[in-house]
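Below is one structure, written out as structure tokens; comments come after it.
Numbered from 1 within each chain, the chains take letters A, B, ... in sequence-line order. Predicted, not measured: the structure shown is a model, and the values here were computed from it.
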Amino acid sequence: NAGVTQTPKFRVLKTGQSMTLLCAQDMNHEYMYWYRQDPGMGLRLIHYSVGEGTTAKGEVPDGYNVSRLKKQNFLLGLESAAPSQTSVYFCASRPGLGRYNEQFFGPGTRLTVL
Amino acid sequence: AQKITQTQPGMFVQEKEAVTLDCTYDTSDQSYGLFWYKQPSSGEMIFLIYQGSYDEQNATEGRYSLNFQKARKSANLVISASQLGDSAMYFCAMIVLEAGSYQLTFGKGTKLSVIP
């Protein structure tokens with residue numbers, strides 16, 4: 001049981017390049033989330049999904065797209081990376097019902113856009 | 001919209017002493033939950049404790065307790081008998097249970113440093 005995994009762990013992009021971050025969970029969770037964390041800030045929600053085939057915008061969705069074609073995977077795409085997207089990206093998941101309503105977080109992806 | 005405020009950017013505590021990290025929240029919803037997460041320098045987010053808005057007793061998990069004052073909209077984390085390994089960033093977060101997204105709203109965090 002690996003929990004929530006993220007690929008890659010680190011990435012450096014040039015402005016204008018595209019990339020996809022992969023989040024995978026093996027806990028059969030319904031809900032999945034993408035957050036970004038910037039220095040001096042807490043985590044901010046980018047996009048989320050309440051089930052396979054569904055996605056919705058969070059607090060800071062601009063410049064990102066997501067897809068949830070399979071229940072266990074949640075992809076975050078950057079079509080044309082900008083320096084403002086330099087951040088640490090966290091994926092999280094939660095079951096439909098949980099004792100503590102907690103979200104389980106992946107280890108994070110550190111992205112630098114030059 | 002929900003808002004979490006953590007007014008202490010940084011805190012110091014002597015090893016073996018207790019420390020309180022402040023968190024206030026703002027929401028118009030009646031059914032919600034409050035979390036504390038720990039983020040050590042390695043970067044992962046570690047769940048510590050949860051308090052539901054309808055829970056009558058304050059939550060406790062080992063050395064962690066949550067001082068929940070609903071009327072004041074505060075949810076302070078108390079760490080008893082601090083250890084060097086408690087040095088980390090601590091985030092307070094809220095979930096609104098009436099909405100279908102169950103998304104978390106985070107505060108900006110408090111950096112706790114435990115002094116030997």
Side-chain angles (χ1 to χ4, degrees), chain A residues 2-6 8-10 23 25 27 29-51 54-61 66 68 74 87-111, chain B residues 1-10 21 23-25 29 31-55 59-61 64 66 75 88-111:
Chain A
V4 181
T5 59
Q6 293 183 229
K9 289 184 171 53
F10 303 94
C23 175
Q25 51 93 5
M27 298 173 283
H29 285 175
E30 294 293 331
Y31 299 82
M32 296 187 74
Y33 307 84
W34 276 107
Y35 295 90
R36 61 177 289 172
Q37 183 180 26
D38 301 304
M41 305 285 288
L43 278 68
R44 292 182 293 169
L45 184 66
I46 304 171
H47 286 280
Y48 65 95
S49 168
V50 301
T54 70
T55 63
K57 295 179 180 180
E59 180 185 354
V60 287
V66 288
R68 185 129 180 244
F74 195 29
S87 189
V88 180
Y89 292 85
F90 286 96
C91 176
S93 71
R94 59 158 281 157
L97 291 174
R99 179 185 176 193
Y100 289 134
N101 288 305
E102 69 182 281
Q103 292 183 10
F104 297 81
F105 283 84
T109 294
R110 186 172 295 274
L111 175 66
Chain B
Q2 294 73 45
K3 185 177 180 180
I4 296 286
T5 302
Q6 295 179 254
T7 57
Q8 306 153 314
L21 306 184
C23 172
T24 58
Y25 62 92
D29 295 281
S31 182
Y32 53 89
L34 296 150
F35 298 84
W36 279 90
Y37 280 87
K38 173 184 179 181
Q39 187 178 43
S41 58
S42 52
E44 70 267 32
M45 297 292 288
I46 301 169
F47 165 74
L48 294 179
I49 198 167
Y50 171 80
Q51 178 86 40
S53 59
Y54 292 116
D55 294 339
T60 61
E61 293 283 349
Y64 304 106
L66 199 152
M89 285 291 292
Y90 289 81
F91 292 96
C92 181
M94 163 183 280
I95 185 172
V96 171
L97 300 175
E98 293 162 353
S101 66
Y102 300 111
Q103 60 185 279
L104 288 175
T105 300
F106 283 84
K108 294 185 177 182
T110 295
K111 183 175 183 179

Rounded distance (nearest 0.5 Å) linking atom CD1 of B:I95 with atom CZ of A:R94: 4.5 Å
Chain B shares the most heavy-atom pairs under 4.5 Å, among A:R110, A:Q103, A:M41, A:Q37, with A:Q103
What are the two closest non-hydrogen atoms of A:F90 and B:M45, and how far apart are they? CE2-CG, 4.2 Å
Part of A:L43 lying under 4.5 Å from any heavy atom of chain B: both
Could you work out, with salt bridge (charged side-chain N to carboxylate O under 4.0 Å, His left out) as the rule, every residue matching B:D29, not counting sequence neighbours? none
Do A:E102 and B:F35 have side chains that approach each other closer than 4.5 Å (heavy atoms only, starting at C-beta)? yes
Note, A:E59 side chain near B:Q103 side chain (heavy atom, < 4.5 Å): no
What option among B:Q6, B:E44, B:Q39, B:Q51 has the most heavy-atom pairs under 4.5 Å with chain A? B:Q39
Who passes ring pair (Phe, Tyr, Trp, His ring centres under 6.0 Å) against A:F105, sequence neighbours left out? A:Y35, B:Y37
